[in-house]
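Reading through the structure tokens given below for one structure.
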Amino acid sequence: MSLVLDPTAQDLLFREARTANTFTDEPVTDEQVQAIYDLVKFGPTAFNQSPLRITLVRSPEARERLVQHLAEGNQAKTAAAPLVAILSADNEFHEELPELLPHFPAAKDLFFSERPVREGSAAMNAALQAAYFIIGVRAAGLAAGPMTGADLAGIQKEFLDDDHTPLMIVNIGKPGEDAWFQRSPRLTADQVITTV
């Protein structure tokens, strides 16, 4: 095999990784979330723009407000998860570019002065970072339950502002009883890869 990553790590991060639908009641600590972020922040983004923002929903009142915006099939598992994160894209990420891209601070105004350009770039790069975040949750020995079945506009109004676009909700914790659905098929390399 051509991979240098240890097979156990390959299994943890990919082959045995599943979307969790139930969780134990073991808490997820701020220290665990910090460790996850401190790992995944190094994943590449265009211009190092790093537009992902993470809103942790910890209080019972906030959880109740969030659950009301979720599709019916996502409500119970989110209400019971030890931790829930709202992952969003910061459409004003360009304000951080002089710090994040010190060798090219002019990129802020040269490429991202227009809001529609920023929104498109923020959505793409924050989605990329969201994928890193999910893998980071797995690297911490936890399970992730990412969901997009929600009233994202309602979540934005309830928890964010006009400069932050919600991308998904992620339930986080140790997997509980019957946490997994059956593994669905995947496309083969021959179905996906084309050489020109």
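Quantities reported herein were computed from a predicted structural model and do not represent experimental measurements.
Using a 30° and 60° split on the angle between ring planes, F111 and F104 fall in the perpendicular class, above 60°.
For R63 (side chain) and T78 (main-chain N/O), a donor-acceptor pair under 3.5 Å exists by modelled atom type. Using a distance-only test at 3.5 Å, with no hydrogens or angles considered, no donor-acceptor pair links the side chain of E95 to the main chain of E92. Not one N or O on the side chain of N74 forms a donor-acceptor pair closer than 3.5 Å with the backbone of L70. A donor-acceptor pair is defined here as one N or O able to donate and one able to accept, closer than 3.5 Å; such a pair exists between the side chain of Q10 and the backbone of L5. Remark: the backbone N or O of H164 is paired with a side-chain donor or acceptor of D161 at under 3.5 angstrom.
Note that the CZ atom of F47 and the CG atom of N125 stand 9.5 Å from one another [nearest 0.5 Å]. Atom OG of S121 and atom CD of E114 lie 13.5 Å apart (nearest 0.5 Å). Atom CD of E16 is separated from atom CZ of R138 by 11.5 Å, given to the nearest 0.5 angstrom. The distance from the CD atom of E64 to the CD atom of Q75 is 11.0 Å, given to the nearest 0.5 Å. For the atom pair NZ (K108) and OG (S113), the distance works out to 10.5 Å, reported to the nearest 0.5 Å. From L142, atom CG reaches atom CD1 of I36 across 5.5 Å, with rounding to the nearest 0.5 Å.
Between the side chains of T165 and N91, at least one donor N or O sits under 3.5 Å from an acceptor N or O. Checked by atom type, the side-chain pair D38/Q34 shows a donor-acceptor distance below 3.5 Å. Side-chain polar atoms of T188 and D190 form no donor-acceptor pair below 3.5 angstrom.
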- Task: Before giving the answer on side chain to side chain contact (heavy atoms under 4.5 Å, CB included), spell out for H94 and Q49 the whole-Å C-alpha distance, their side-chain angles and the decisive distance to 0.1 Å.
- Result: CA-CA 7 Å; H94 68 306; Q49 63 188 248; over 6 Å; no

- Chi angles and distances behind the side chain to side chain contact (heavy atoms under 4.5 Å, CB included) call for M168, I134: CA-CA 11 Å; M168 67 183 68; I134 291 166; 4.2 Å; yes

- Item | Derivation and outcome, side chain to side chain contact (heavy atoms under 4.5 Å, CB included), residues L39 and F133 | CA-CA 9 Å; L39 174 64; F133 181 79; over 6 Å; no

- Query: Could you walk me through whether Y132 and F42 pass the ring-ring contact (aromatic ring centres under 6.0 Å, His included) check?
  - Reply: CA-CA 9 Å; Y132 300 149; F42 293 109; over 10 Å; no

- Worked check of salt bridge (charged side-chain N to carboxylate O under 4.0 Å, His left out) between K157 and D162: CA-CA 8 Å; K157 186 175 182 179; D162 290 342; over 6 Å; no

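The ring of F93 has its center closer than 6.0 angstrom to the ring center of F112.
Side chains of M147 and V170 form no contact here, defined as non-hydrogen atoms less than 4.5 Å apart. Under the 4.5 Å side-chain criterion, counting only non-hydrogen atoms from C-beta, L128 is not in contact with L52. Inter-residue side-chain proximity for F14 and I135 is flagged as met; some heavy-atom pair is nearer than 4.5 Å. Contact of the T22 side chain with the K77 side chain is not registered, since no non-hydrogen atoms from C-beta on lie closer than 4.5 Å. Between T19 and P146 the shortest side-chain heavy-atom distance falls below 4.5 Å.
Around atom CD of Q191, more than 12 heavy atoms belonging to other residues, nucleotides or ligands sit under 6.0 Å away.
Linking ILVMFWY side-chain heavy atoms closer than 4.5 Å, directly or via other members, places I86 and L152 in a single hydrophobic cluster. With hydrophobic clusters built from ILVMFWY side chains whose heavy atoms lie under 4.5 angstrom apart, L13 does not share a cluster with L3. A single hydrophobic cluster is seen to contain both V117 and L97, as judged by linkage of ILVMFWY side chains at heavy-atom distances under 4.5 Å, directly or through other members. In this structure, F23 is not a member of the same hydrophobic cluster as L83, with clusters built from ILVMFWY side-chain heavy atoms closer than 4.5 Å. Cluster annotation: V84 is not connected to L87 through the hydrophobic network of ILVMFWY side chains, with a link wherever side-chain heavy atoms come within less than 4.5 Å.
Across every non-hydrogen atom of R58 and D30, the tightest pair is NH2-OD1, 2.9 Å. The nearest pair of heavy atoms linking S88 to P166 is CB-CA, 3.8 Å. Taking each heavy atom of P51 and A122 in turn, the nearest pair found is CG-O, 3.6 Å. Across every non-hydrogen atom of A85 and L56, the tightest pair is CB-CD2, 4.0 Å. In plain terms, the two heavy atoms of T24 and P82 that are nearest each other are O-CG, 3.2 Å. When all heavy atoms of P175 and A143 are compared, the closest pair comes out as CD-CB, 3.9 Å.
In summary, of the residues considered (I169, L66, V67, I155), a side-chain contact (heavy atoms from CB on, under 4.5 Å) with V57 occurs for L66 alone. When T45, I54, L167 are each tested for a side-chain contact (heavy atoms from CB on, under 4.5 Å) with Q129, only one passes: T45.
Between D90 and R118 there is no salt bridge, since none of the side-chain N atoms of the basic residue sits less than 4.0 Å from a carboxylate O of the acidic one.
Evaluation of the side-chain contact (heavy atoms from CB on, under 4.5 Å) rule for L100 yields N48, S50, E96 as partners, not counting sequence neighbours.
A cation-pi arrangement is present between R65 and F159 under the rule of less than 6.0 angstrom and at most 45 degrees off the ring axis.
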